[in-house]
Amino acid sequence: MSDLTDSLVDVSSDSFWEVGNYKRAVKRVDDGNRLCNDLMNCLHERARIEKSYATQLTEWAKRWRQLVEKGPQYGTVERAWLALMSEAEKVSDLHIEVKAALMGEDLEKVKNWQKDAYHKQMIGGFKETKEAEDCFRKAQKPWAKKLKEVDTMKKGYHNACKEEKTATSRETSSKLENNNPEAQKKLQEKVEKCQQEVQKTKERYQKSLEELDKVTPQYMENMEQVFEQWQQFEDKRLCFFKELLLSVKQHLDLSSNHKYSTVYHTLEDTIQAADAQEDLKWFRSSHGPGMPMNWPQFEELSMDLNRTLSRRETKRKHTDGVTLTGISQTTEQTSKTTASSSAAAAEKTAADASDEEAGNPFANANANANGNPFEDEPSSPELCVQVRALYDYDGQEQDELSFKAGDQLMKMSEEDEQGWCKGRLSDGTVGLYPANYVEDQ
């Protein structure tokens with residue numbers, strides 16, 4: 001059944017073996033060059049996409065980094081959030097590398113291979129295309145010539161058959177019409193002559209077919225050789241395309257890039273390091289009940305109108321917003337008191353003030369705001385205890401120390417009534433610091 005089906009199929013209508021149908025194989029050479037251009041355009045477009053994506057990631061990371069840093073989020077969770085911006089910046093760099101690889105290494109490979117494989121002619125077209133055309137034409141020429149003779153013999157035979165059929169039909173009609181014998185004889189001679197012509201053309205037709213059959217094996221062999229030659233040419237292109245596409249895959253596949261996996265390991269570690277309890281502890285000590293406070297204490301009214309507040313008292317007053325009773329005096333009250341006081345009382349007050357300033361360890365600080373009052377003061381031999389800072393502290397005055405949490409310093413005096421101690425840093429700097437910002441070692 002299958003043999004019958006195959007015999008009904010017209011296999012010659014579009015067969016490679018038909019004259020001129022080798023042109024499809026020739027066209028494949030030109031198509032290969034065009035496909036090289038298409039591949040370069042494809043890579044170029046992908047490179048633009050990679051660059052655009054990298055740019056968008058960078059812009060997104062920059063904008064959100066600013067928003068998060070200026071926002072209310074704090075502590076380790078803030079660092080975890082900012083890690084997303086760092087991830088975007090690093091991934092952006094990787095996509096820029098992909099873009100560079102596509103536009104540089106991969107695109108150059110295609111361009112160079114195309115230049116080596118296809119050579120343009122001065123008159124247009126490619127040398128390889130003309131070579132393929134010439135090879136196929138040369139291989140097909142003898143067989144095509146014989147085929148043309150067969151077609152000629154075939155046409156002559158078919159025409160003779162038509163003439164013979166026409167003559168036979170006329171002769172039959174003449175007999176039915178009882179025409180004169182002479183006319184019938186002429187028709188009969190015509191039929192015999194046509195039959196002879198049919199026989200001659202048939203023999204010539206068969207002979208031409210035999211000659212065609214003789215050259216067909218050689219024709220098929222020659223065509224097969226030429227076709228195989230250009231199969232190998234196309235094989236080189238296909239193998240090159242496969243190799244290049246694998247190279248492109250390596251550049252696009254960031255999952256195989258150790259830098260890419262490191263980005264997400266770092267991101268995960270940073271997020272895992274977020275500690276809610278640590279953040280809450282920090283907020284408590286920086287903005288909550290854990291903050292130091294200069295609680296108000298009872299103070300007697302000071303009659304010393306010329307008494308100047310120490311740096312420490314001034315700083316605590318401005319920082320905590322607590323007004324100490326008996327210290328603040330208005331200019332108007334000072335003027336009235338001075339006017340009603342006797343000269344002797346004024347002299348006594350001035351003497352008392354001088355004595356108080358002489359016994360005030362901060363008097364030099366008021367006289368010279370640019371110096372540290374503890375620089376020339378010898379450390380107390382009675383107390384020398386090493387302590388560790390619990391929190392960061394930035395000194396607001398010249399006589400105050402600045403340190404970070406975890407720093408070591410030497411405690412040189414006990415805590416005074418306002419919660420301050422005198423101490424010395426590891427670099428030798430001496431000054432005041434809040435007592436509740438440190439703990440004993």
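Given the structure is predicted, the values throughout are model-derived calculations rather than measurements. Worth knowing before you read on, the calculation uses all heavy atoms, side chains too, and leaves out hydrogens, waters and symmetry mates.
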For [Y], is there any backbone N or O sitting under 3.5 Å from a side-chain donor or acceptor partner on [X]?
| X | Y | result |
| --- | --- | --- |
| Q396 | D394 | yes |
| E131 | K127 | no |
| S286 | F283 | no |
| S413 | C421 | no |
| S92 | A54 | yes |
| Q114 | N33 | yes |
| N112 | E108 | yes |

Tell me whether [X] is salt-bridged to [Y], with the criterion being a basic N under 4.0 Å from an acidic carboxylate O.
| X | Y | result |
| --- | --- | --- |
| E89 | R65 | yes |
| R24 | D14 | yes |
| K138 | D134 | no |

Using every non-hydrogen atom in the two residues, find where [X] and [Y] come nearest and quote the distance to one decimal.
| X | Y | value |
| --- | --- | --- |
| N294 | Q418 | OD1-O, 3.9 Å |
| T76 | A273 | CB-O, 4.1 Å |
| Y205 | K154 | CE1-CB, 3.3 Å |
| A139 | V226 | CB-CG2, 4.1 Å |
| Y391 | S285 | CE2-CB, 3.5 Å |
| W81 | V68 | CE2-CG2, 3.6 Å |

Review point. Taking it one step at a time, do N436 and E415 satisfy side-chain hydrogen bond (donor to acceptor under 3.5 Å, both in side chains)?
Key: CA-CA 9 Å; N436 59 351; E415 179 180 355; over 6 Å; no

Counting C-beta onward and ignoring hydrogens, is there a side-chain heavy-atom pair between [X] and [Y] closer than 4.5 Å?
| X | Y | result |
| --- | --- | --- |
| F126 | Q121 | no |
| L245 | K242 | no |
| K23 | F136 | no |
| D38 | R34 | yes |
| L401 | T429 | yes |
| H251 | S247 | yes |
| W17 | Q140 | no |
| L43 | L244 | yes |

Decide whether [X] and [Y] meet the rule of one side-chain donor and one side-chain acceptor closer than 3.5 Å.
| X | Y | answer |
| --- | --- | --- |
| E128 | Y118 | no |
| D235 | Q231 | no |
| Q206 | Y157 | no |

Point-to-point distance, once rounded to the nearest 0.5 Å, from [atom1] of [X] to [atom2] of [Y]:
| X | Y | atom1 | atom2 | value |
| --- | --- | --- | --- | --- |
| L212 | K214 | CG | NZ | 11.5 Å |
| E97 | N257 | CD | CG | 7.0 Å |
| L57 | K62 | CG | NZ | 15.0 Å |
| C384 | M412 | SG | CE | 7.0 Å |
| D279 | Q277 | CG | CD | 9.5 Å |
| L267 | L84 | CG | CG | 5.5 Å |

Exercise for review: Any ring-ring contact (aromatic ring centres under 6.0 Å, His included) involving residues 28-54? Give me the pairs, sequence neighbours left out, ordered by first then second residue.
Suggested key: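 ring-ring contact (aromatic ring centres under 6.0 Å, His included) check on residues 28-54 returns Y53-H95.
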
Review point. Are D440 and V385 close enough, and set up right, to give a side chain to side chain contact (heavy atoms under 4.5 Å, CB included), and what steps lead you there?
Key: CA-CA 7 Å; D440 293 343; V385 179; 4.3 Å; yes

Review point. Is the Y264 ring parallel, tilted or perpendicular to the Y260 ring (thresholds 30°, 60°)?
Key: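 Answer is perpendicular, since the angle exceeds 60°.
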
Check your understanding: side-chain hydrogen bond (donor to acceptor under 3.5 Å, both in side chains) between T129 and D30: does it pass, once the steps are laid out?
Key -> CA-CA 7 Å; T129 304; D30 291 331; 2.6 Å; yes

Check your understanding: Take atom CH2 in W64; do more than 12 heavy atoms of anything else shown fall under 6.0 Å from it?
Key ->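 Atom CH2 in W64 is not crowded, with 12 or fewer foreign heavy atoms closer than 6.0 Å.
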
Exercise for review: Provide the full list of salt bridge (Lys or Arg N to Asp or Glu O under 4.0 Å) pairs with a residue in residues 43-53, sequence neighbours left out, each pair given once.
Suggested key: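 Pairs touching residues 43-53 that pass the test: R46-E50.
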
Check your understanding: Hey, would you say the Y393 and Y433 ring centroids sit under 6.0 Å apart?
Key ->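 Centroid distance Y393-Y433: not below 6.0 Å, so no.
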
Can I get a per-line list of side-chain donor-acceptor pairs under 3.5 Å for residues 142-153, giving both atom names and the distance, sequence neighbours left out?
from	atom 1	to	atom 2	distance (Å)
W143	NE1	T216	OG1	2.9
T152	OG1	K148	O	3.0

Practice item. Cation-pi check, R237 to F233: give yes when NZ or CZ is under 6.0 Å from the six-membered ring centre and within 45° of the ring axis, no otherwise. Key: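 So R237 doesn't make the cation-pi contact.
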
